[in-house]
Amino acid sequence: QVQLVESGGGLVQAGGSLRLSCAASGSWFSINAMGWYRQAPGKQRELVADITRSGSTNYVDSVKGRFTISRDNAKNTVYLQMNSLEPEDTAVYYCAASISVDLLRSNPRSWGQGTQVTVSS
């Protein structure tokens, strides 16, 4: 079992930056892929970015060039650096983890509690 705890959300003006962190505890060794989902009011949850244990990354088109996902395996932590934030990025951001990137993208095994990101115009 893996427990995920997010931090770093908040309120920022358009064009600003935030960095989200996700600390994992428990059976960290079983996790090969981690990522960040987000859900805006009235919209479906979407995968924003994911990263494998080896460091391969993937991003949804709307955040490419603005967001960067990274991980520190020694600290069991994944980060999401968000730059040039737009009001459309406003959502609850959830950290997710799974044994494979395919499962992460279809049915993540573990979820964090979510952190609110609000971007004002």
Side-chain angles (χ1 to χ4, degrees):
Q1 192 74 8
V2 175
Q3 293 78 42
L4 304 174
V5 178
E6 302 105 331
S7 60
L11 173 64
V12 65
Q13 288 189 329
S17 298
L18 284 173
R19 189 176 82 154
L20 306 182
S21 299
C22 173
S25 61
S27 302
W28 169 256
F29 61 88
S30 66
I31 295 301
N32 290 309
M34 296 189 71
W36 291 93
Y37 280 78
R38 68 184 178 186
Q39 187 167 22
K43 295 187 177 181
Q44 287 190 332
R45 190 174 296 188
E46 68 169 349
L47 179 61
V48 175
D50 58 49
I51 185 168
T52 65
R53 183 176 288 274
S54 63
S56 295
T57 59
N58 180 72
Y59 299 91
V60 67
D61 285 345
S62 60
V63 307
K64 285 181 180 178
R66 300 189 298 121
F67 290 10
T68 302
I69 189 170
S70 61
R71 65 190 289 170
D72 185 335
N73 290 331
K75 295 183 178 180
N76 297 349
T77 301
V78 172
Y79 306 96
L80 186 67
Q81 178 67 43
M82 304 184 294
N83 299 328
S84 301
L85 282 162
E86 303 168 353
E88 293 74 22
D89 296 315
T90 295
V92 178
Y93 285 70
Y94 297 90
C95 180
S98 196
I99 59 174
S100 74
V101 69
D102 288 341
L103 284 175
L104 181 76
R105 294 171 182 172
S106 61
N107 186 24
R109 182 177 184 179
S110 302
W111 291 94
Q113 81 285 359
T115 185
Q116 177 70 46
V117 171
T118 303
V119 184
S120 62
S121 58

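Here the options are L20, L80, L11, the test is side-chain contact (heavy atoms from CB on, under 4.5 Å), and the partner is V117; only L20 passes.
Shown here for S21 and T77, the closest heavy-atom pair between the two residues is CB-CG2, 4.5 Å. Closest heavy-atom contact between A14 and P87: CB-CD, 4.1 Å. Closest approach of W36 to C22, counting heavy atoms only: CZ2-CB, 3.6 Å. Nearest heavy-atom pair across Q116 and A91 is NE2-O, 3.4 Å. Here the closest non-hydrogen pair linking Y93 and R38 is OH-NH1, 3.0 Å. Listed here is the closest heavy atom pair of V2 and A24: CG1-CB, 4.2 Å.
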With side chain to side chain contact (heavy atoms under 4.5 Å, CB included) as the test, would you mind laying out the steps for V60 and L47 before giving the verdict? CA-CA 7 Å; V60 67; L47 179 61; over 6 Å; no

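Taking CD from Q113 and OG1 from T115, the interatomic distance works out to 7.0 Å, rounded to the nearest 0.5 Å. Annotation: the span from S25 atom OG to L4 atom CG amounts to 7.5 Å, rounded to 0.5 Å. Summarising the geometry, atom CD1 belonging to I51 is positioned 8.0 Å from atom OG belonging to S56; distances are rounded to the nearest 0.5 Å. The OG atom of S98 lies 10.5 Å from the CE atom of M34; values are rounded to the nearest 0.5 Å. Note that OG of S84 and CZ of F67 are 9.0 Å apart. Values are rounded to the nearest 0.5 Å.
Looking only at distances, a side-chain donor or acceptor of T90 sits under 3.5 Å from a matching main-chain atom of V119. Looking only at distances, no side-chain donor or acceptor of Q81 sits under 3.5 Å from a matching main-chain atom of R19.
Taking the side chain as every heavy atom from C-beta outward, Y59 and T68 approach each other to under 4.5 Å. M82 is not listed as a side-chain neighbour of D89, based on a closest heavy-atom distance of 4.5 Å or more. Taking the side chain as every heavy atom from C-beta outward, E88 and S62 never approach each other to under 4.5 Å. Between I99 and R109 there is a side-chain heavy-atom pair separated by less than 4.5 Å. R53 places a side-chain heavy atom less than 4.5 Å from the side chain of R71. The closest side-chain heavy-atom distance from N83 to S17 is below 4.5 Å.
Ring pair W111/Y94 is perpendicular by interplanar angle, where above 60° counts as perpendicular and below 30° as parallel.
One hydrophobic cluster, built from ILVMFWY side chains closer than 4.5 Å, holds both I69 and V48.
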